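Step one of this worksheet: look at the structure below.
Numbers restart at 1 for each chain; the letters A, B, ... are given by sequence-line order, proteins then strands. Remember, predicted model here, so these are calculated numbers, not experimental data.
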Amino acid sequence: MQVNRPHPVVSGCGLLYYQMMKRYNPSEIEPKWQQLWADDKRYQAADTSTKPKYYVTGMFPYPSGAGMHTGHFFEHSIVDAQARFMRAQGNNVMYPMGWDAFGLPAENYAIKTGTAPKDSTKTNIANFTNQLNRVGASIDWSREITTSDPEYYKWTQWVFTEFFKRGLAYQKEANQWWCPVDKTVLANEQVEAGKCWRCGNEVIKKSMKQWFFKITDYADALLEETPNLDWPEKIKTAQTNWIGKSQGAEIDFAVDGRDELLTVFTTRPDTIFGATFMVIAPEHPLISQLVNDDTKATVDEYVANALKKSEIERQSEGKEKTGVFTGSYAINPANGEKIPIWIADYVLGGYGTGAIMAVPAHDERDYEFAQKFELPIIQVVAAHSIGSGRDAPRDEFEMLHRPVVDAIITDGEGNFLLQIENEHHIHFVGGGIDDTDDTTEAALRREIIEEVGLTEIISIKQASPFSSGTYGRETKSRNQKVWGTFFEVVVDPKIQVDSEIEQGLHSIEWVKKEDVEHRLTWEGHRAAWKSYLAGRVIDTEVREGLLVNSGVFDGTQTSDAREQVVAWLEEQGVGRAKTTYKMRDWLISRQRYWGAPIPIIHCDEHGAVPVPENDLPVLLPEVDEYEPRGESVLASQTDWVNTTCPECGQPAKRETDTMDGYACSSWYLLRYADPKNAKQPWSTELANYWQPVDMYVGGDHAVAHLLYVRFWNHVFHDMNLVPTKEPVKKLVYHGLIQAEDGRKMSKSLGNVVDPLEVIDAGYGADALRTFELFLGPINENSNWSSKGIAGVYRFLNRAWTLTQEYLEAEKTDEPNAELVALEHRTIKKVTTDIHRLSFNTAIAALMEYVNELYKLKVDGFSEAWQQPLESLVQLLQPFAPHISAELWQQLGHNDQLDFVDWPTWDESLIVTDTVTIVVQVNGKVRAKLEVAADASEDDIKAQALAEENVAKFVGNKKPTKVIYVPGRLVSIVI
RNA sequence: GCGGAUGUGGUGGAAUUGGUAGACACGCAUGCCUUAGGAGCAUGUGCCUCCGGGCGUGAAGGUUCAAGUCCUUUCAUCCGCACCA
């Protein structure tokens, strides 16, 4: 990595003068202040205060061997700026820090090197701590926590036992990755492209008994609070989608000739008449009973294959549908039709009931499947349009419901026949199906003769899906709700005879193909025309509309039909309304060593018994060998495993799984409030004081961690342990700092910038922090720039030099209104920008401030400069605390800058005597006026018109309009 | 496919409510500092120009005295989820 080295301030010009001055030397002042801050413990937050509390922190890191990278530094630049700003704003600020220390990397490292995870973790934490101190983060180290400490995980285990007592922790069979060669369970991260990370052999799924947290019980509660969170929209929608609530129905299908019921979940009970087959997941328990002698072999093979498939294989196969017929049939309860039952892996075993009714006409996946296996497709929803303008249905008219049929009449040579009633009613030929019509086709032929008198028809075929519409017909004083089919009718216009029936009511016209669409006046006909051109007879994109082919429900709006159909099925006892969630319960069992042991004892008589609070923590035993053999390493620690049942005292065995690391990080924000408590996880009193977190900063985890903390906190709230349902009031999501080449920083690409190296190169922590915040808006990604940091260093250097020059100058005692206005304008800008977390513009305003001060400096220094320079130092403090502390002292203060009240601005001092008014003529800037701030509107307008350049553009014409925007512009329209 | 964003100079980015587009910084150019420059200081820097002005915020329309900002259509890039019935 190349780091540009800044140079000390030495200039050829006025060398003697400058040599007397102290130089800006971050490597000298930064360690000095860092030491002082550590010694006087000023950042330790008090648990009681007359000031309002403010709790801010970043997502605690996993202490990896690689140390902190620029991303961590960026996060702490944000949190620390906020913490320092809030402190100066008079808040009792808590900025704690901790370590998410359990995890796979330390265990993998132990397997490879034999170093105990406990030891490597300790080393890494020391390294991280040193790095954080080097940036000058104002952390309250007295609250430091480490999730792998027994004093901490004792309470993680305690929470588990509480969840267990409440039925929120339970055991269930679930599949787990298994390496048949190493004979061990693998974590997701240890499976690389379907192969074991160590031996490279294919892994399989193996069913094992595992522990779960019942997060699904809280799905609705979490969903309900989501909209109220002051969190980024994208996180909120990601969580909402993840929970994936859908309302629908469960419907029971009888299996033909058997005493079995096949229950499906669907969000579209209204489409049940279109269910032409059923599909069940390969995991479905009923499979063995549905197969027969003919199908058993193929089914078994398919199922075995599907279950063996890894996710990666499924992905690479894309969405190509596969499946097999079971040999059994189900009865559609809506119409009594016998429909085949298939097995396919596109139906997921874990969602809904693991079985679906397939409606191929209106579901793309079912459609693909039906196409591939040649299963019937029946359209039951017709696209529906409602007339607008003159065609809009009217309340005073009666509503007529009727099936219709329409003809797209063509000569087969690209010309189409349209029926013209008047300019508002141009449409295809068609009409209602009467009781006297034997078939739809008969009705069609009759209409064609009646309407346009065509008798010789060459061919008729269905041309597009059913469509429907609701129209008001003024001429007939009625509304019509119609649904029907479009047929392509080919005729030979040369041999047709005009009919005398209905002559004079309308005319007909042959139109070229390309003109048809824009001539049609009805939305429904245009839609039908488009699908005719696309050659579609079934339109899977049609989701809502009117029901067709649906018995008594024909003509019903699909949205209404959903409830009606469920009610109808319910009456017959074959269906019920049902809500499902995509989110599954949280699997927390890990067959690993480096985690918090699950505090359960298995007793032959009492089953799973939680370890009593007095016996907690269940300590992680020290082991010599970390390589798992068969089960987790813990299972081979027989002394540890064998214990007695807390209920009966009989010999029993400990649970050998450890908890998912996310469990440990789901409550750490509460532990910060009361980190040393040996009797409770936290005291309610302290939780009440500190909860919720006012600002939580991170750049990772959209759902997992951020959903789990919410879930646990909701449970804690139900246990009356915390004051609020939600743990985090405001969430700030920051972007990544990428490498200079625009790619992600990574060791393998060799483009990593080591923050300490930047500091040591002479730029110092202040320049690094300030630069990271100056790069751009914090929620966007930005690229590191070795040139850019030099610019920020230059700025700090100028601020430093300016202060030195002031201190050593001969001062006059002249007041300076311009200086004061500049100062107050800057205070306002910087303060409001920090409030909206716009650090980059706040820093830009400070740079501008320094630039302006340099310009004012040419008139020499006066005593009036003291205050503006103090404000500069105070405003700079959240970003560059070391240089600020140093300059504060040099300006004559012995108090702690951190707790000095943030400067305030006086609006009246910002207002200047004159304002600039822009003059526009026809929207173009033609002049600028300097007018007195209290000038009247008429004066300003007159002045504007009198401007030479304005007069030139206005000429001798009279302005039609002169608009005045107070204090901003005059707009002249001619 | 669904969801969430984002498109502004050579570059990173400003413009908080429709009111001077390009703040601030990088880079570049010119000059100054009696050695040097990866230092410092000063000035300039959207594009075109016949020096009057014209054109400019991904593209095309629209509303308005006035649009980066509002509306409609469209294109591109990034991120998250992804066979959830």
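Comment: A:Glu907 engages A:Lys828 in a salt bridge, judged by a side-chain N to carboxylate O separation of less than 4.0 angstrom. A:Glu852 and A:Lys855 are joined by a salt bridge, as a carboxylate oxygen and a charged side-chain nitrogen come within less than 4.0 angstrom of each other. Classification of A:Lys245 and A:Asp220 as a salt-bridged pair holds, one side-chain N sitting under 4.0 Å from a carboxylate O. A salt bridge is defined here as a Lys NZ or Arg NE, NH1 or NH2 lying under 4.0 Å from an Asp or Glu carboxylate O, and A:Lys928 with A:Glu947 fails to meet this definition. Contact check on A:Asp345 versus A:Lys321 returns no salt bridge, with no Lys/Arg side-chain nitrogen under 4.0 Å from an Asp/Glu carboxylate oxygen.
Annotation: B:C78 and B:C24 have their C1' atoms spaced 26 Å apart (nearest Å). If you take atom P in B:G13 and the same atom in B:G4, they sit 23 Å apart, rounded to whole Å. Annotation: B:U8 and B:A60 have their P atoms spaced 15 Å apart (nearest Å). The C1' atoms of B:A21 and B:G56 are separated by 9 Å, rounded to the nearest whole Å. Separation of the C1' atoms belonging to B:U35 and B:A23 is 39 Å when rounded to the nearest angstrom. Nucleotides B:C81 and B:G27 have their C1' atoms positioned 40 Å apart, rounded to a whole Å. Here, B:A67 and B:G61 have their P atoms 14 Å apart, quoted to the whole Å. Between B:U63 and B:C70, the distance separating the two C1' atoms is 8 Å to the nearest Å.
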**Message:** Only Watson-Crick and G-U wobble pairs with both distances less than 3.5 Å should count. Give RNA chain B in dot-bracket notation, marking inter-strand partners with |.
**Reply:** (((((((..(((......[....)))((((((.......))))))(((....)))..(((((..]....))))))))))))....

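In the set B:A85, B:C83, B:G19, B:A85 carries the atom at the smallest distance from any side-chain atom of A:Val347. Side-chain proximity of A:Lys787 to B:A85, B:G27, B:G53: nearest is B:G27. Nearest nucleotide to the A:Lys952 side chain, out of B:U16, B:G53, B:C65: B:G53. Of the candidates B:C83, B:C24, B:C81, B:C24 carries the atom nearest the A:Asn851 side chain, counting heavy atoms from C-beta on. Distances were taken from every side-chain heavy atom of A:Ser246 (C-beta onward) to each of B:G3, B:G80, B:A85; the shortest belongs to B:A85.
Among the atoms of the strands shown, only primed sugar atoms or phosphate atoms (P, OP1, OP2) are found under 4.0 Å from some heavy atom of A:Asn781. A:Pro232 comes within 4.0 angstrom of nothing in the nucleic acid, heavy atoms only. Residue contacts shown for A:Gly352 are absent, as no nucleic acid heavy atom lies under 4.0 Å away. Residue-level contact check: A:Leu775 touches the backbone only, with heavy atoms under 4.0 Å from sugar-phosphate atoms and none from bases. At the heavy-atom level, A:Phe774 lies under 4.0 Å from base atoms of the strands shown. Nucleic acid contact class of A:Thr841 (heavy atoms, under 4.0 Å, all strands): sugar-phosphate only.
Between A:Thr558 and the options A:His362, A:Arg543, A:Glu544, a side chain to side chain donor-acceptor pair (under 3.5 Å) holds for only A:Glu544.
Close to B:A85, at under 4.0 Å from its OP1 or OP2, lies a side-chain N or O of A:Tyr351. Considering only side-chain N and O atoms, A:Lys234 lies nowhere under 4.0 angstrom from the phosphate OP1 or OP2 of B:A5. Phosphate proximity of B:G12 to A:Asn840: absent, as no side-chain N or O sits under 4.0 Å from OP1 or OP2. Using a 4.0 Å cut-off, no side-chain N or O of A:Arg794 falls inside it from OP1 or OP2 of B:A25.
Sequence order on RNA chain B of the closest nucleotides to A:Asn949 and A:Arg836 puts A:Arg836 first from the 5' end. Comparing A:Thr266 and A:Ser971 along RNA chain B, the residue whose closest nucleotide (by nearest heavy atom) sits nearer the 5' end is A:Ser971.
For the contact set between residues 918-930 of chain A and RNA chain B, defined by any heavy atom under 4.0 Å, the members are A:Val918, A:Gln920, A:Lys924, A:Arg926, A:Lys928.
Remark: side-chain polar atoms of A:Asp766 are not paired, donor with acceptor, to backbone N or O of A:Leu796 under 3.5 angstrom.
For B:G61, the O4'-C1' to base torsion is more than 90° from 0; the nucleotide is therefore anti. More than 90° away from 0 lies the glycosidic angle of B:G12, which makes this nucleotide anti.
Ring centroid separation for the pair A:Phe771 and A:Tyr793 does not come in under the 6.0 Å cut-off.
Taking 4.5 Å as the limit, every side-chain heavy atom of A:Gln239 sits out of range of all side-chain heavy atoms of A:Leu222.
No more than 12 heavy-atom neighbours from other residues, nucleotides or ligands sit within 6.0 angstrom of CZ on A:Arg968.
Every residue was checked against the side-chain contact (heavy atoms from CB on, under 4.5 Å) condition with A:Ala951, not counting sequence neighbours, and none meets it.
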